[in-house]
Amino acid sequence: MDFGVFAFLIQQMMFFSIPLLIVALGGMFSERSGVVNIALEGIMIVGAFISILFLYFVQDVANNGASATQINPQLLLLIALLFAAVSGVIISLPHAYASIHMKASQVISGTAINMFAPAFAVYTARTVRQVQTIPFYNWFFIEKVPFLGDIPIIGPLLFQRAYITTYIGLLILLVSWIVLYKTPFGLRLRSCGEHPQAADSVGINVFKMRYIGVMISGALAGIGGLVFVVPSAVTFDSTVAGYGFLALAVLIFGQWKPMRILFAAFFFGMMKTISVAYSSISFLAALPIPSVVYKSIPFVATLIVLAFTSRKSQAPQAAGVPYDKGKR
């Protein structure tokens with residue numbers, strides 16, 4: 001395998017890994033606060049749909065009026081990410097209310113959002129365009145980052161043929177680690193997911209911390225939805241290909257810890273890369289293996305990894321357990 005093919009595979013792995021990383025970190029904040037969020041798939045769909053719809057309208061206006069090149073594509077993408085985050089927060093609030101105040105089953109409320117999200121996206125898209133797909137112009141690609149792209153070895157791997165979302169994802173990882181382990185807020189959040197009664201006894205508002213955890217989760221999952229769509233398509237058809245559920249596997253494999261989640265995301269990202277780019281790897285392309293086998297690799301890897309690691313998982317003790325303020 002020459003360096004060009006290796007660089008291509010690393011770039012593709014980043015496209016697949018970064019959305020998993022962002023969404024899994026979102027799930028981490030929710031579960032560290034004590035609320036299991038299996039609605040990540042639905043939140044990703046809503047975040048991607050609202051932000052892609054924003055891009056569709058803005059780009060349509062630009063092309064019909066002023067020149068589209070007058071719009072800074074990276075600034076436009078950042079604004080779209082903001083739309084994705086806000087819409088993710090909004091759609092996560094019903095799950096937070098049902099789980100925290102109503103003490104409903106967190107699995108059922110999360111499943112309800114997963115069922116609602118694609119239906120909402122399809123209905124709204126057909127209302128707007130009479131078809132369920134929303135197109136957008138993918139002008140966010142960065143051929144080479146100035147100066148950094150010229151660094152030997154690292155430049156071609158990380159700073160050429162990239163998207164700004166890759167660097168945003170790594171920044172989110174760094175901020176998440178700092179917030180979780182180096183701030184009083186992170187300590188309070190973790191205490192609410194481990195021993196909420198003890199946290200309450202020292203004056204921490206468990207309900208408030210859990211709401212914040214779910215809202216952060218919603219924001220990151222919404223961002224992850226857009227980050228998944230942008231490098232891989234020019235239309236959005238109301239699906240994120242099961243990435244929300246795969247992010248849950250990354251979260252479990254990563255043991256609810258940011259740096260382990262990073263390595264888990266890279267692992268599953270590489271499995272996904274092999275499943276779609278195996279033809280670029282000479283020795284894999286030469287094997288008499290049907291393409292459907294390669295395409296199933298990420299999901300088979302998920303089952304195998306979870307089978308061997310779930311028994312030793314160290315989930316927050318109070319994750320999924322409704323908090324009863326009167327119970328000690």
Side-chain angles (χ1 to χ4, degrees), residues 11-12 14-23 26 39-92 113 116-145 161-172 215 217-244 247:
Q11 291 162 358
Q12 292 297 309
M14 297 301 286
F15 294 159
F16 291 122
S17 297
I18 293 301
L20 287 175
L21 172 65
I22 295 173
V23 178
L40 296 175
E41 177 89 358
I43 298 172
M44 284 183 72
I45 291 173
V46 172
F49 174 72
I50 296 298
S51 54
I52 294 297
L53 193 63
F54 162 75
L55 292 176
Y56 166 75
F57 282 123
V58 170
Q59 292 173 342
D60 186 57
V61 169
N63 286 333
N64 290 332
S67 172
T69 57
Q70 294 179 359
I71 301 177
N72 186 313
Q74 305 309 323
L75 176 61
L76 184 61
L77 182 56
L78 290 175
I79 297 173
L81 288 170
L82 181 60
F83 271 83
V86 172
S87 58
V89 170
I90 292 173
I91 194 62
S92 69
I113 292 178
F116 165 79
F120 164 76
V122 169
Y123 175 79
T124 307
R126 288 181 175 176
T127 301
V128 173
R129 298 191 66 247
Q130 287 73 56
V131 292
Q132 73 179 52
T133 58
I134 303 293
F136 66 99
Y137 300 105
N138 196 336
W139 52 17
F140 311 114
F141 184 75
I142 301 173
E143 186 64 37
K144 185 171 72 172
V145 177
R161 303 183 60 80
Y163 287 86
I164 193 175
T165 51
T166 297
Y167 314 122
I168 291 174
L170 296 176
L171 178 62
I172 289 173
M215 291 169 67
S217 177
L220 294 182
I223 290 173
L226 179 61
V227 172
F228 168 75
V229 173
V230 166
S232 60
V234 292
T235 61
F236 180 65
D237 58 356
S238 307
T239 180
V240 290
Y243 250 54

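Here the structure is a predicted model, which is why all the values come from computation and not from measurement.
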Closest heavy-atom pair and its distance - [X], [Y]:
X: Ile91; Y: Val46; value: CG1-CG2, 4.0 Å
X: Ala80; Y: Leu55; value: CB-CD2, 3.8 Å
X: Ser87; Y: Gly47; value: OG-CA, 3.4 Å
X: Met44; Y: Tyr243; value: CE-CB, 3.8 Å
X: Ala247; Y: Val23; value: CB-CG1, 3.6 Å
X: Ala241; Y: Thr239; value: N-OG1, 3.1 Å

Taking side-chain contact (heavy atoms from CB on, under 4.5 Å) as the test, write out the residues that go with [X], two or more places apart.
X: Ile79; answer: Phe54, Leu75, Phe83
X: Leu171; answer: Val175
X: Ser238; answer: Ala121, Val122
X: Ala125; answer: Phe49, Ile134

Check: [Y] and [X] side chains under 4.5 Å, non-hydrogen atoms:
X: Leu78; Y: Leu82; result: no
X: Thr165; Y: Phe140; result: no
X: Ile18; Y: Leu170; result: yes
X: Ser217; Y: Leu40; result: yes
X: Gln11; Y: Thr166; result: no

*Listed by chain and number, what are the ring-ring contact (aromatic ring centres under 6.0 Å, His included) partners of Phe15, not counting sequence neighbours?*
Tyr163

*Output all residues satisfying ring-ring contact (aromatic ring centres under 6.0 Å, His included) with Tyr167, sequence neighbours left out; order by chain, then residue number.*
Phe159

Would you give the length of the straight line joining atom [atom1] of [X] to atom [atom2] of [Y], rounded to the nearest 0.5 angstrom?
X: Leu220; Y: Ile172; atom1: CG; atom2: CD1; result: 5.5 Å
X: Trp139; Y: Asn72; atom1: CH2; atom2: CG; result: 10.0 Å
X: Asp237; Y: Ile52; atom1: CG; atom2: CD1; result: 11.0 Å
X: Ile50; Y: Phe236; atom1: CD1; atom2: CZ; result: 9.5 Å
X: Thr127; Y: Gln132; atom1: OG1; atom2: CD; result: 12.0 Å
X: Leu81; Y: Ile22; atom1: CG; atom2: CD1; result: 8.0 Å

_Listed partners of Ser51 passing side-chain hydrogen bond (donor to acceptor under 3.5 Å, both in side chains), at least two apart_ = none

Salt bridge (Lys or Arg N to Asp or Glu O under 4.0 Å) contacts in which one or both residues fall within [range], not counting sequence neighbours:
range: residues 124-143; result: Glu143-Arg161
range: residues 130-139; result: none
range: residues 217-233; result: none

Determine all donor-acceptor pairs shorter than 3.5 Å in which one atom belongs to a side chain in residues 224-235; sequence neighbours excluded.
| from | atom 1 | to | atom 2 | distance (Å) |
| --- | --- | --- | --- | --- |
| Ser232 | OG | Phe228 | O | 2.8 |
| Ser232 | OG | Val229 | O | 3.3 |

*Is it the case that more than 12 heavy atoms not belonging to Tyr123 sit under 6.0 Å from its OH atom?*
no

